[in-house]
S.K.: 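One structure coming up, written as structure tokens, with questions to follow.
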Amino acid sequence: MQSSHTALIKDFPPGPLDFYRKQATFDWKKLKLVFEDPQRIKTKDYVWSILEKDDAFKRYDVEPSPEEQKRIAELQLLSFRKYDFLPDNILSIPVKQWKPAAFMLTEIAHGSNIKNIKTTATYNEETQDFILHTPDFQAAKCWSGNLGLSCTIGVVFAQLYIKKVCYGLHAFLVPIRHPDTHELYPGLTIKDVGLKLGFNGVDNGVILFHNYGIPRSNLLNKFADVTANGEYVTKLSSRGKVFASTIGNLSTGRVTVVQQGSEFLTYAVIIAIRYAAVRKQFGVNKNEELALIEHQLHESFRTEMHVILSAAKPLTTWSCQDAIQECREACGGHGFLKASGFGYLRNTNDASITYEGDNNVLLQQTSRWLLKQWDNLKHGIPVDTPLNTCNFLNDHSAILKKKCTATTIDDYVVLSRYWSVIHENCIDITVKNILITIGLLYGLSCLEKHLIYIYEGNFNAQSSLSKLVRDAILSLCSTLKCDAVAVVDALSFPDFVMNSVLGKSNGTVSRCFEMVTDNNFVCRYTKIYKMNFLKNRKPMYLRLLNQNYKILFNNIFFTGMLGINYLQFWC
Ligand SMILES: Cc1cc2nc3c(=O)[nH]c(=O)nc-3n(C[C@H](O)[C@H](O)[C@H](O)COP(=O)(O)OP(=O)(O)OC[C@H]3O[C@@H](n4cnc5c(N)ncnc54)[C@H](O)[C@@H]3O)c2cc1C
């Protein structure tokens, strides 16, 4: 069955990469089918083939101005809507008619500590309105994506006050601009946050509310509501639970950030491996230089090659940042070229370390939860978490007595979940073998990184362990050398999506500097310069649904916000 599907996957153009492609011990198309099912591959090919022909998705050798980037993002969004890629049976109509919205939580003075945000929403019983107000500039909402220029509506988090009593943080649906004329409503002041290290196609903004009234029905009331006569009602047992439920929705965004991290990592690895397979430096003699992939020092970067996504955002985004940097360095000076694509990946991923919850702060929350489980254990309450991730703590006495007795590479048994997925999904033995090798390499590289804790915890006292781990890594890198190009082939995207002069599927990198010194530069610059942001903008743009706002936002405000960021990834 798998082999009949491999016919769906197109071959890569012939070129210098063939040397390593031919040496692969497995069929990269079969590996691709382990990563993605045939329907997904077909859909992605279809979408890419259409977008490649669309001017809104064309690539720029010279980075457009921030204003122009925002205009392009807008055009890309319109194109997505025009092509109607999303089948009706998958997504509801509101999602398909989605327009940019803003998510307004962070304030100038409070980002991580959201409990202390100062924007107020005071209920006025006479008018049955909530009055949103920014007491001072420290309380201005900032960083909200789509706020600076484009959104017509947003979700605002504010402290709810009824009859001078504060009920804590609640979320409100807030009209920002007129859906037809796109004019800002009176009572609001908005500014763009200015130039950023990346994401300049997104109009992150700052907003101040000046006693701005919104109807009572605009409170997102899934967890708590306010009656017409100003009574606060909730089925939840405490204010803490209302807060936790209101903020709980943030997890949706974090899942998307984790996914984005894995995509960036894939891009970086494809570029670095393909380049390393064709770039030659040094060799056995003057006339016969070797590809970078043959040099041992260079191989160590691949230890990060197939980082398995942890559910934890900090682990994913930090690992991704380190791996992109390693890939950049592995490509030497050329990796520093803008046209290599690494700079964009690095800067864009960098932001995800902070947004959707700063990594350090998130780790503290995880630690607090773990310590709570530990405390329970000490009081004789066994650990029994819904996903069983920490049930192993119940065996802590036995675990703490165990010692690492490994003396050979074959003694490591790690990544049990990864193994079971491989065994369930891989029929082809050659594909299974390559995945096992990659898994081992990842496991060992993690072990190497954390060896200090193994010694500190007295899990292994022998200094030979570190040598064993390092030797095993080098040996596995050597084994993987001939398969590396085929592995990234299985992961790769069309060249137009990759947009890197070092990572082309035919292995040609010679156009590198031609692109940078392109003669058309001046003409293109003039053309871009003449294009004004919002030129040709029609009122039809951003005609928002006037109904079902709450359903729309409860379900998709995060998807929407990150969707925009995703579009940027494409341009
Ligand atoms: C590109 C981008 C897009 C964004 N989009 C949005 C958006 O659409 N909507 C929105 O509301 N916000 C958005 N944000 C804001 C983002 O959510 C905040 O930046 C984030 O929550 C961190 O808050 P902060 O910047 O105030 O940092 P702070 O909270 O001031 O943290 C600064 C540093 O202090 C450390 N720190 C904080 N508290 C502790 C502690 N208790 N112990 C130890 N260390 C601590 C942190 O780890 C961090 O290193 C965006 C940010 C970026 C960069």
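Each ligand, and each atom within it, is numbered from 1 in the order the structure gives.
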S.K.: Would you check the N or O atoms of Gly145, main chain and side chain alike, for any that come under 3.5 Å of an N or O of ligand 1?
M.R.: yes

S.K.: Between Lys58 and Glu52, does any NZ, NE, NH1 or NH2 come within less than 4.0 Å of an OD or OE carboxylate oxygen?
M.R.: no

S.K.: When you measure from the centre of the six-membered ring of Tyr185, is the NZ or CZ of Arg177 under 6.0 Å away and within 45° of the axis?
M.R.: no

S.K.: Below 3.5 Å, N or O to N or O, backbone or side chain included: is there any such pair between Thr106 and ligand 1?
M.R.: yes

S.K.: I'd like to check whether Asn113 has a polar contact with ligand 1, where a contact means an N/O of the residue lying under 3.5 Å from an N/O of the ligand.
M.R.: no

S.K.: Taking only heavy atoms of Leu105, which atoms of ligand 1 are found under 4.0 Å from at least one of them?
M.R.: 11 (O)

S.K.: Sort out for me which residue in Ser238, Ser237, Ser245 forms a side chain to side chain donor-acceptor pair (under 3.5 Å) with Lys241.
M.R.: Ser237

S.K.: Can you tell which part of Asn204 has a heavy atom less than 4.0 Å from ligand 1: side chain, backbone, both or neither?
M.R.: side chain

S.K.: Measuring from atom 31 (O) of ligand 1, which candidate in Ser112, Ser352, Ser144 has the nearest non-hydrogen atom?
M.R.: Ser112

S.K.: Residues two or more places apart in sequence or in another chain: which of them pass ring pair (Phe, Tyr, Trp, His ring centres under 6.0 Å) with His210?
M.R.: none

S.K.: Using a strict cut-off of 4.0 Å, indicate which atoms of ligand 1 neighbour a heavy atom of Gly111.
M.R.: 21 (O), 23 (O), 24 (P), 26 (O)

S.K.: Any nitrogen or oxygen of Ala351 lying under 3.5 Å from a nitrogen or oxygen in ligand 1? Just yes or no.
M.R.: no

S.K.: Are a donor atom and an acceptor atom from the side chains of Tyr161 and His133 found within less than 3.5 Å of each other?
M.R.: no

S.K.: Using a plain distance cutoff, I'd like to know if Phe103 has any nitrogen or oxygen under 3.5 Å from a nitrogen or oxygen of ligand 1.
M.R.: yes

S.K.: Any chance you could lay out the side chain to side chain donor-acceptor pair (under 3.5 Å) test for Arg346 and Gln325, step after step, and finish with the verdict?
M.R.: CA-CA 7 Å; Arg346 198 174 51 188; Gln325 181 63 20; 2.7 Å; yes

S.K.: Which pairs pass salt bridge (Lys or Arg N to Asp or Glu O under 4.0 Å) with one or both residues in residues 135-158, sequence neighbours excluded?
M.R.: Glu107-Lys141

